[in-house]
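Read the structure below first, then the notes.
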Amino acid sequence: MNGSSNVSKDELRHRALARRKLTTAEERSAAGEDLARRFPVELLRTVAGADGEARNDAARGVTVAAYVSMGSEMETRPLLAMLLAEGCRVLVPRLGSGREIGWSVLDSLDALETVNQPGHLRPDEPEGQVLPPEALAECDLAIAPAMGVDPRGYRLGRGAGWYDRALAARRAGCPLVAVCWPWEVLDDDLPAESHDVPADAVLTSAGFRALREV
């Protein structure tokens with residue numbers, strides 16, 4: 001996806017979806033395992049301010065806003081399982097009506113249930129209390145999906161604007177990690193608008209790259 005600076009976001013999304021559709025379920029599953037392995041666990045220690053503590057203790061109590069993969073996204077269940085095993089409190093989206101997005105606490109992967117909504121692709125969601133969008137202010141780290149990430153950290157989303165609105169509720173100093181396929185890490189800048197929220201780092205199945213100090 002090079003040469004993105006002169007191409008509209010809609011066209012870039014079309015290209016990204018076309019490329020993703022070439023991936024198989026097995027490839028998405030294997031890439032998800034790689035995501036969990038490539039994620040820098042020391043980042044949990046950094047956001048917890050627990051320098052020098054044992055890894056499990058450092059992550060315990062850290063609140064991470066993440067997401068449950070769907071469609072042609074890389075499988076995120078291994079990453080979610082790793083965060084839970086590290087003792088993190090994990091929030092995942094609970095999509096409401098229209099363009100609203102709330103959050104729920106994910107206690108285990110077994111708590112995920114398929115949401116049936118004909119004609120709309122939605123991620124699996126846990127049961128339990130629905131937290132408002134402002135719950136993101138409690139997070140120490142945010143992990144969000146992307147269909148492309150440019151050198152400045154700007155994300156190419158699905159176009160609904162859910163995440164940009166939700167991410168605006170992050171507290172100051174809460175790092176944002178964008179997740180995308182390796183070929184979706186762009187060399188050129190994306191078209192960016194005033195409400196777009198740049199990521200601080202990008203995670204792919206091939207590795208982790210900080211775009212600014214996190």
Side-chain angles (χ1 to χ4, degrees), residues 9 35 38-68 76 79-80 82-84 86-96 99-107 123 126 129-180 184-186 189-204 207-214:
K9 285 187 175 181
L35 282 181
R38 301 287 190 175
F39 180 86
V41 178
E42 61 272 15
L43 181 57
L44 301 176
R45 181 183 296 112
T46 300
V47 299
D51 189 32
E53 294 184 19
R55 190 178 76 174
N56 287 343
D57 291 338
R60 194 160 302 282
V62 170
T63 298
V64 180
Y67 68 99
V68 182
T76 60
L79 180 60
L80 294 171
M82 182 274 293
L83 293 171
L84 290 170
E86 292 291 333
C88 296
R89 177 175 178 257
V90 178
L91 303 183
V92 294
R94 285 284 292 270
L95 303 185
R99 294 190 172 187
E100 293 300 317
I101 183 170
W103 301 89
S104 276
V105 176
L106 178 67
D107 294 318
Q129 181 183 5
V130 180
L131 304 176
E134 293 76 21
L136 207 66
E138 304 171 10
C139 289
D140 302 295
L141 176 69
I143 300 172
M147 302 180 75
V149 180
D150 77 6
R152 303 168 299 169
Y154 285 107
R155 300 165 43 256
L156 178 67
R158 289 183 173 270
W162 283 333
Y163 269 96
D164 284 321
R165 283 190 293 276
L167 292 170
R170 284 183 303 154
R171 64 170 175 78
C174 173
L176 171 62
V177 177
V179 176
C180 64
E184 294 170 342
V185 178
L186 308 175
D189 290 347
L190 286 165
E193 301 174 46
S194 59
H195 64 269
D196 290 338
V197 179
D200 300 290
V202 58
L203 174 67
T204 77
F208 176 88
R209 179 194 301 178
L211 302 173
R212 54 186 56 83
E213 185 177 354
V214 294

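Predicted model only: the values in this text are computed from it and were never measured.
The main-chain N or O of Arg94 is never found under 3.5 Å from a side-chain atom of Ser104 such that the two would form a donor-acceptor pair. Side chain of Asp200 to backbone of Leu176: a donor-acceptor contact under 3.5 angstrom is found.
Among all heavy-atom pairs drawn from Cys88 and Val64, the shortest one is SG-CG2, 4.1 Å. Nearest heavy-atom pair across Pro151 and Leu211 is O-CD2, 4.1 Å. Scanning both residues, Trp103 and Ala166, for their nearest heavy atoms gives CZ2-CB, 4.1 Å. In terms of heavy atoms, Leu190 sits closest to Gly148 at CD1-O, 4.1 Å. Nearest heavy-atom pair across Arg170 and Ala142 is CD-CB, 4.0 Å. Of all heavy-atom pairs spanning Pro40 and Phe208, the tightest one is CD-CD1, 3.5 Å.
Rounding to the nearest 0.5 angstrom, the gap separating the CG atom in Asp150 from the CG atom in Leu186 is 6.5 Å. One finds the OH atom of Tyr154 at 9.5 Å from the CG atom of Asp189 (value rounded to the nearest 0.5 Å).
Residues Pro126 and Asp107 have side chains not in contact (no heavy-atom distance under 4.5 Å, counting atoms from C-beta outward). For the pair Leu83/Ile143, a side-chain contact is recorded, criterion being any heavy-atom separation below 4.5 Å from C-beta on.
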**Request:** Under the side-chain contact (heavy atoms from CB on, under 4.5 Å) rule, what do Val41 and Met82 come out as? Steps first, then yes or no, please.
**Result:** CA-CA 9 Å; Val41 178; Met82 182 274 293; 4.2 Å; yes
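When the options Leu35, Thr204, Val202 are evaluated for a side chain to side chain contact (heavy atoms under 4.5 Å, CB included) with Val179, the one that passes is Leu35.
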Sequence neighbours excluded and cut-off under 3.5 Å, please list the side-chain donor-acceptor pairs for residues 130-141, or say none.
unit_1	atom_1	unit_2	atom_2	d
Glu138	OE1	Arg89	NH1	3.0
Glu138	OE1	Arg89	NH2	3.4
Asp140	OD1	Arg171	NH2	3.2
Asp140	OD2	Thr63	N	2.8

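Residues satisfying the side-chain contact (heavy atoms from CB on, under 4.5 Å) criterion with Ala146, sequence neighbours excluded, are Val149, Arg155, Ala178, Cys180.
A salt bridge does not link Asp196 to Arg152: none of the charged side-chain nitrogens sits closer than 4.0 Å to a carboxylate oxygen.
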